[in-house]
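Chain identifiers are assigned alphabetically (A, B, ...) following the order of the sequence lines, protein sequences preceding nucleic acid strands; residue numbering begins at 1 within each chain.
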There are 2 protein chains.
Amino acid sequence: MTKQVHTTEESTKVFKALADPIRLEIIRYLNKLDHEVSCGEVGQAMAISKTSGSYHFKILQEAGLITAHKVAREKYVALDRSTFDQYLTHFWQNL
Amino acid sequence: MTKQVHTTEESTKVFKALADPIRLEIIRYLNKLDHEVSCGEVGQAMAISKTSGSYHFKILQEAGLITAHKVAREKYVALDRSTFDQYLTHFWQNL
DNA sequence: TAAATAGTTCAAAATAATTTGAACTATTTT
DNA sequence: AAAATAGTTCAAATTATTTTGAACTATTTA
């Protein structure tokens with residue numbers, strides 16, 4: 001309902017975050033499960049190093065595509081569907 | 001109506017094409033006008049060199065985000081909205 | 001308390017994307 | 001036919017992104 005228009009910089013950050021095969025797979029994985037998952041679990045499923053995982057989760061988080069919160073020593077992530085909706089589903093409205 | 005599922009490679013190509021400020025501006029420009037425009041006109045509006053323009057139009061074209069056809073010595077481009085619909089508007093359906 | 005686990009940070013190396021200018025093709029104008 | 005125009009191609013230079021491993025923090029388990 002709220003009018004959302006994006007700056008080129010904001011949009012670029014989101015599309016850059018989506019423009020990588022590993023991150024796209026992470027998104028597919030999180031979408032399939034549709035609940036919070038630890039970074040470790042996702043990383044294992046993607047067969048990437050924890051350093052690489054940490055990097056990719058940071059990119060996704062800074063783009064607002066995932067939310068994250070720590071529980072003890074684990075970090076749980078989930079898709080932030082509102083961001084996908086704003087930038088993708090409602091692309092033309094917010095362009 | 002037709003079921004469209006995308007490979008990671010295809011999606012990556014589209015999102016990479018969207019992940020650049022100049023190309024996003026080109027898309028905004030083409031969307032606003034909503035008709036075929038010559039590459040030269042777009043390039044001037046974006047204030048970029050013709051070489052740079054040629055590069056960016058190639059990226060957009062290879063991603064399927066624009067269609068192009070030559071008339072005499074000019075190349076006319078327009079948005080291919082079906083690609084935007086598949087990859088953006090219907091992101092979750094085709095993920 | 002020592003060892004293990006989950007994740008981050010850093011800098012260096014590797015890889016990929018973008019810009020630039022010169023040379024080019026094709027078409028149109030003078 | 002010469003000059004101008006629209007766009008492409010190429011290779012080199014620049015800039016940005018990604019990967020890697022080592023060192024680190026914080027938490028949990030043995």
Side-chain angles (χ1 to χ4, degrees), chain A residues 7-30 33 35-79, chain B residues 7-30 33 35-79:
Chain A
T7 65
T8 299
E9 194 178 311
E10 291 168 333
S11 301
T12 298
K13 181 170 271 192
V14 170
F15 290 122
K16 273 184 194 302
L18 293 166
D20 176 90
I22 290 178
R23 294 194 292 269
L24 234 24
E25 290 298 348
I26 291 174
I27 290 165
R28 282 209 182 87
Y29 186 82
L30 294 177
L33 296 191
H35 63 255
E36 288 201 329
V37 192
S38 74
C39 289
E41 173 180 337
V42 183
Q44 269 187 257
M46 305 295 118
I48 56 178
S49 70
K50 61 186 182 167
T51 311
S52 171
S54 191
Y55 169 70
H56 288 296
F57 288 119
K58 193 175 104 194
I59 299 285
L60 289 169
Q61 209 173 335
E62 288 178 347
L65 292 170
I66 62 173
T67 57
H69 76 277
K70 269 210 149 181
V71 172
R73 64 186 170 188
E74 296 180 288
K75 182 182 182 178
Y76 288 90
V77 294
L79 296 180
Chain B
T7 65
T8 298
E9 194 177 310
E10 290 170 333
S11 301
T12 298
K13 180 169 269 191
V14 169
F15 290 121
K16 273 187 196 298
L18 293 166
D20 177 271
I22 291 178
R23 291 192 294 268
L24 234 24
E25 290 299 347
I26 291 173
I27 289 165
R28 282 209 184 86
Y29 186 82
L30 294 177
L33 296 191
H35 64 255
E36 290 200 329
V37 192
S38 74
C39 289
E41 173 181 337
V42 183
Q44 269 187 258
M46 307 294 120
I48 56 178
S49 70
K50 62 184 181 167
T51 312
S52 171
S54 190
Y55 170 71
H56 288 296
F57 288 119
K58 192 175 104 191
I59 299 284
L60 289 169
Q61 209 174 335
E62 289 179 347
L65 292 170
I66 62 173
T67 57
H69 76 276
K70 269 211 148 178
V71 172
R73 63 185 170 187
E74 297 180 287
K75 182 183 181 176
Y76 286 91
V77 294
L79 296 180

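The distance from atom CD1 of A/Ile48 to atom C1' of D/dT19 is 11 Å, rounded to the nearest whole Å. Nucleotide D/dA4 holds its P atom 18 Å from the CD atom of B/Glu74, rounded to whole Å. Summarising the geometry, the separation between NZ on A/Lys75 and C1' on D/dT25 is reported as 14 Å, rounded to the nearest angstrom. Rounded to an integer number of Å, the gap from A/Tyr76 OH to C/dA6 P is 10 Å. With rounding to whole Å, A/Phe57 atom CZ is found 12 Å from C/dA6 atom C1'. Distance CD (B/Gln44) to P (D/dT5): 12 Å, rounded to an integer number of Å. Rounded to whole angstrom, the span from the CG atom of A/Leu60 across to the P atom of D/dT17 amounts to 14 Å. A/His69 places its NE2 atom 16 Å from the P atom of C/dA6, with the value rounded to the nearest Å.
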### Message
What does the B/S/- profile of nucleotides 14-23 of chain C look like, 5' to 3', with a 4.0 Å heavy-atom cutoff to protein?
### Response
---SBBBBB-
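Residue pairs satisfying the salt bridge (Lys or Arg N to Asp or Glu O under 4.0 Å) criterion with at least one member in residues 16-30 of chain B, sequence neighbours excluded, are listed as follows: B/Glu25-B/Arg28.
Within 6.0 Å of the NZ atom in B/Lys75, the count of heavy atoms belonging to other residues, nucleotides or ligands exceeds 12.
When every heavy atom of B/Ala68 is checked against every heavy atom of B/Val77, the shortest pair comes out as CB-CG1, 3.9 Å.
Contact check, B/Lys70 against C/dT27: no side-chain N or O comes under 4.0 Å of OP1 or OP2.
Of all the residues in residues 7-15 of chain B, not one reaches under 4.0 Å from DNA chain C with any non-hydrogen atom.
Nearest to the side-chain atoms of B/Arg73 among the listed nucleotides C/dT9, C/dT29, C/dT5 stands C/dT29.
The closest donor-acceptor contact from the side chain of A/Ser52 to the backbone of A/Ile48 lies at 3.5 Å or more, if one exists at all. Between the B/Ser54 side chain and the B/Lys50 main chain, no donor and acceptor come within less than 3.5 Å of each other.
Atom CD in B/Gln44 sits 8.0 Å away from atom OG in B/Ser38 (nearest 0.5 Å). Note that CD1 of B/Ile26 is 11.0 Å distant from CG of B/Leu65, once rounded to the nearest 0.5 Å. Of the inter-residue distances, the one linking A/Ile59 atom CD1 with A/Leu18 atom CG reads 11.5 Å to the nearest 0.5 angstrom.
Within the 4.5 Å cutoff, no side-chain heavy atoms of B/Ile66 are placed close to those of B/His56.
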